[in-house]
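Here is the structure we will look at, set down as structure tokens.
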Amino acid sequence: MAASEASSAATATATSLRHAFGGVLSFFILLLIGVLAFSIRLFSVIKYESVIHEFDPYFNYRVTQFLTKNGIYDFWNWFDDRTWYPLGRVIGGTVYPGLTLTAGTLWWILNSLNIPLSVETVCVFTAPIFSAFASWATYLLTKEVKGAGAGLTAAVLLAMVPSYISRSVAGSYDNEAVAIFALIFTFFLYIKTLNTGSLFYATLNAISYFYMVCSWGGYTFIINLIPMHVLLCIVTGRYSSRLYIAYAPLVVLGTLLAALVPVVGFNAVMTSEHFASFLVFIIIHVVALVYYIKGILSPKMFKVAVTLVLSAGLIVCFAVVAILIALVASSPTKGWSGRSLSLLDPTYASKYIPIIASVSEHQPPTWPSYFMDINVLAFLVPAGIIACFLPLSDASSFVILYIVTSVYFSGVMVRLMLVLAPAACILSGIALSEAFDTLTRSIKFQLPGISGGKSEANAGDASSASAGAQIDVVKAGKTEETAKERPSRKSKKKEKEPVEKPPINPRNEKKLLVLPFEVSIVGIILLVLLGAFYVVHCVWAAAEAYSAPSIVLTSHSQEGLHVFDDFREAYAWLSHNTEVDDKVASWWDYGYQTTAMANRTVIVDNNTWNNTHIATVGTAMSSPEKAAWEIFNSLDVKYVLVVFGGLVGYPSDDINKFLWMVRIGGGVFPHIKEPDYLRDGQYRIDSQATPTMLNCLMYKLSYYRFVDTDGKAFDRVRRTEIGKKYFKLTHFEEVFTTHHWMVRIYKLKPPKNRLRGKTKKSKSKTSSASSSKRSGKRARNPWQ
Amino acid sequence: MARSTGDDAQALFHSLRSAYAATPKNLKIIDLYAAFAVFTALIQVVYMALVGSFPFNSFLSGVLSCIGTAVLAVCLRIQVNKENKEFKDLPPERAFADFVLCNLVLHLVIMNFLG
């Protein structure tokens, strides 16, 4: 009890000084967290170069270029005729403009400050900048829930959580980069409004929600999670007028603002994703009215009113609900879009929409990916949930609801692991900070002499939490002991069996009030080790696993580092050697890159808005040469581009994606049947393969002349010799094959205008011509 | 049975009236304002049901403008209500300023959306 005496002796000025010191300290910690979040994402720039990554970022980059060149009005009215030939695409009305506008604004500001950065540079570094913002938003959110110490810990964890790094490394210029910041910030403002009941924050909340709607389709998560939380509060009897102020303006303003975004438009009031919010909007008004009447009436009269209203109200309610259900059921998909349906029913997509199922990030995740993506947080989250229940407030119930729903969603789609990551960071931050709080406090309790400095030194980032908490805690004599006992037991459990929840018998262990000195020291050391393990894992993940730009590949061999830059080689060839208006056909994965890097018109791209069009290309790829030529010719295609990894062992090539082409093509054109391409249910390209497989266009374009490379035609991805080695192309001619054969470009031969006998001769001539070109190329191809 | 419910309803009505009569005047004005906004929204919905919702954004902005006004008025009422203990340290001037700001944003958005 010496400590409590000492603290009571401390004057108010000392306390305020300490608070000020804590404020300055946490400001600098936050600054450092921002720097950390930014710099941990630069591995891709250092190890590779400052390029845009992957597929979708190229499209965003191209849109940003257009925006900076032509201005905002042209951007809204932009009809893009270089994609989805001959349909085209209205970009302004079908794109989430948040990311583009953000980067465009950044670029504009920098340029008006006479800092001449290129658009590409700004795009590359947008994601790291916003991840720093996201960790600050996490600090704010967690601070609202559990205080500044938990906030700082959560911010550190979020700054380097691998799941988020995977989407926001420098160059990964995708919607999620800014959307996660918007998501966390919206949640923060909602909690802030809930805690203060201020209409000002409610307005800010709606605007932040607007930014989220602009940025990412994931905004439906917010507009469903917040109503769920409101409903939870109402059901558990936690309704307050602050809840009303936090929710009702958000729905009205949020709906209007969402309807302003062209890609959402009237969907904001027409689709079922948003109906939950309206239903809760009605419910909260009824509840508010009930609470109001309850307040002004005497209890007896209120009972009378309840009986009266219930009998009349229930009938009306059922009628309304029945009408709503009938309305929703009358639309074929029940008003839900395919992606949302596949969230509710995980088997939906694989059953009905192959184009959604074919994207690997729409698949359910495996267990190792949880460990890979959120690492030790997975073990800390249960402890955090328990910490949120002691005591349960509106804010902490929101965090619990957030983690529960996001765990479910991450289980449905790998991609939504990204939504789970902030929740896991917040809860782990709470758990770690509570644990440090307890352990340092029990050390301080036993060593009153050296308490202050030591506990802060040990706690690291949680120091300001313990500094703040010490004062409150030590003042309250008895309550402190009970409060201390529970989390300490929890943290002890956590070190040993992290996932197991502690038994619910707090009475028995009342004697274990203060942890023994040695135990708390060991506990702190273990927690620090755990944190160190997390940091090491995160840096490894950022450096090795998630930094590859996927358009430049590297491999380590005995001769050293080898760089595969085939994609850019091929796109550069296209842009230099083909006409501006030539159409290039490829599988949709490479559509965005072709338009952005080669500036050529493509047939389909990653937007996948028209299933039939994609199915046409899929059908062409899985048809025999002549039929494929006819399809491509009808689409004005001049060049066909295939990605082939068999020579260097690049696994995500077109042959591995081929079954999806067959499935998607067969979904629209029934003459393409998947079993024709499978031998006894197995997908194979060796001599056992079916004749349909060996004669389809994709096989031929991938393996044409492949036998010339090593004489055996050994495919390094499938680890087998191919089935049909020597064949000639009749309707296509090879025009370019990159250094490592990863991209092969073919040209459609002009239509024949001779008789059959004559064409045979001309064909052999062209093939000999191409073989002479081949020998010329062989000289500079070191792989042959 | 029917008799007793009728009596109950009457008693309830009376007690509601007498309880409401005790509310301060400024709150009553806000109530009137909110009720008027809801009434306007209802008129628009009826009109939509009769004539059709063709310029849907106009209908939407009209109705949501009314509902939004009513909701914000209710929020203001909650905040300036002296009996509400949750907002004791919030001065009514601040509440009104927030209300004006929120209304401003709402109607800017609506003007933008009106088309």
Side-chain angles (χ1 to χ4, degrees), chain A residues 193-207 210 240-261 265-266 268-270 278 281-282 284-285 288-289 291-298 300-309 311-312, chain B residues 4-23 38 53 56-57 59-61 63-72 74-79 81 83-87 89-90 94-110 112-113:
Chain A
T193 322
L194 196 56
N195 282 346
T196 57
S198 153
L199 210 50
F200 172 67
Y201 283 113
T203 317
L204 286 189
N205 190 13
I207 292 170
F210 174 57
S240 62
S241 35
R242 286 173 288 114
L243 190 69
Y244 181 87
I245 294 175
Y247 185 67
L250 174 68
V251 171
V252 177
L253 262 177
T255 304
L256 270 170
L257 284 164
L260 281 184
V261 181
F266 294 147
V269 287
M270 303 291 266
F278 302 135
F281 184 70
I282 295 168
I284 200 173
H285 275 94
L289 193 68
Y291 270 81
Y292 173 68
I293 291 174
K294 198 177 178 180
I296 63 168
L297 281 184
S298 62
K300 185 171 157 277
M301 284 317 293
F302 182 66
K303 214 167 254 172
V304 176
V306 166
T307 46
L308 268 178
V309 170
S311 46
Chain B
S4 74
T5 24
D7 283 349
D8 278 353
Q10 219 155 31
L12 177 71
F13 190 65
H14 276 295
S15 60
L16 264 181
R17 256 180 86 159
S18 55
Y20 187 72
T23 44
V38 171
S53 67
F56 192 58
N57 48 351
F59 162 72
L60 212 59
S61 44
V63 168
L64 282 180
S65 148
C66 294
I67 294 179
T69 311
V71 162
L72 294 181
V74 170
C75 291
L76 178 69
R77 187 193 194 283
I78 289 172
Q79 287 182 342
N81 193 349
E83 286 166 25
N84 205 334
K85 296 286 175 289
E86 286 176 68
F87 298 103
D89 45 355
L90 185 83
R94 166 75 199 266
F96 189 71
D98 283 352
F99 171 75
V100 169
L101 172 83
C102 205
N103 254 316
L104 217 63
V105 172
L106 176 73
H107 284 96
L108 269 178
V109 173
I110 282 168
N112 205 352
F113 189 58

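Naming convention: chains lettered A, B, ... in sequence-line order (proteins, then strands); numbering from 1 in each chain.
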Part of [X] lying under 4.5 Å from any heavy atom of chain A:
X       : answer
B:Asn81 : neither
B:Thr23 : side chain
B:Ile78 : side chain

Kindly give the heavy-atom pair with the smallest separation between [X] and [Y], and that separation in Å.
X        : Y        : result
A:Tyr244 : B:Cys75  : CE2-SG, 3.8 Å
A:Ala248 : B:Val71  : CB-CG1, 3.5 Å
B:Gln79  : A:Ile245 : NE2-CD1, 3.6 Å
B:Ser61  : A:Leu256 : CA-CD2, 4.5 Å

Can you say whether [X] sits under 4.5 Å from chain B via the side chain, the backbone, both, or neither, judging by heavy atoms?
X        : result
A:Thr196 : backbone
A:Tyr247 : neither
A:Val251 : neither
A:Tyr201 : neither
A:Phe266 : side chain

Exercise for the section: May I ask you to test the A:Ser198-B:Leu90 pair for a side-chain heavy-atom distance under 4.5 Å? Expected result: no
Problem - Side-chain heavy-atom pair B:Leu106, A:Val252 within 4.5 angstrom cut-off - result: yes
Completion exercise
Counting heavy-atom pairs under 4.5 angstrom with chain A, the leader among B:Ile110, B:Ile67, B:Val74, B:Leu76 is B:Val74
Fill in the blank from the handout: chain B shares the most heavy-atom pairs under 4.5 Å, among A:Gly265, A:Ser241, A:Ala202, A:Ala288, with A:Ser241
Exercise for the section: Mark yes when over 12 heavy atoms from residues, nucleotides or ligands other than B:Tyr20 sit less than 6.0 Å from its OH; otherwise mark no. Expected result: yes
Problem - Heavy-atom neighbours of A:Tyr291 OH exceed 12 at 6.0 Å - result: yes
Problem - Straight-line distance of B:Asn103 CG to A:Leu199 CG, nearest 0.5 Å - result: 8.5 Å
Practice task
Show your reasoning for whether side chain to side chain contact (heavy atoms under 4.5 Å, CB included) applies to A:Phe210 and B:Val109.
Solution key: CA-CA 11 Å; A:Phe210 174 57; B:Val109 173; over 6 Å; no
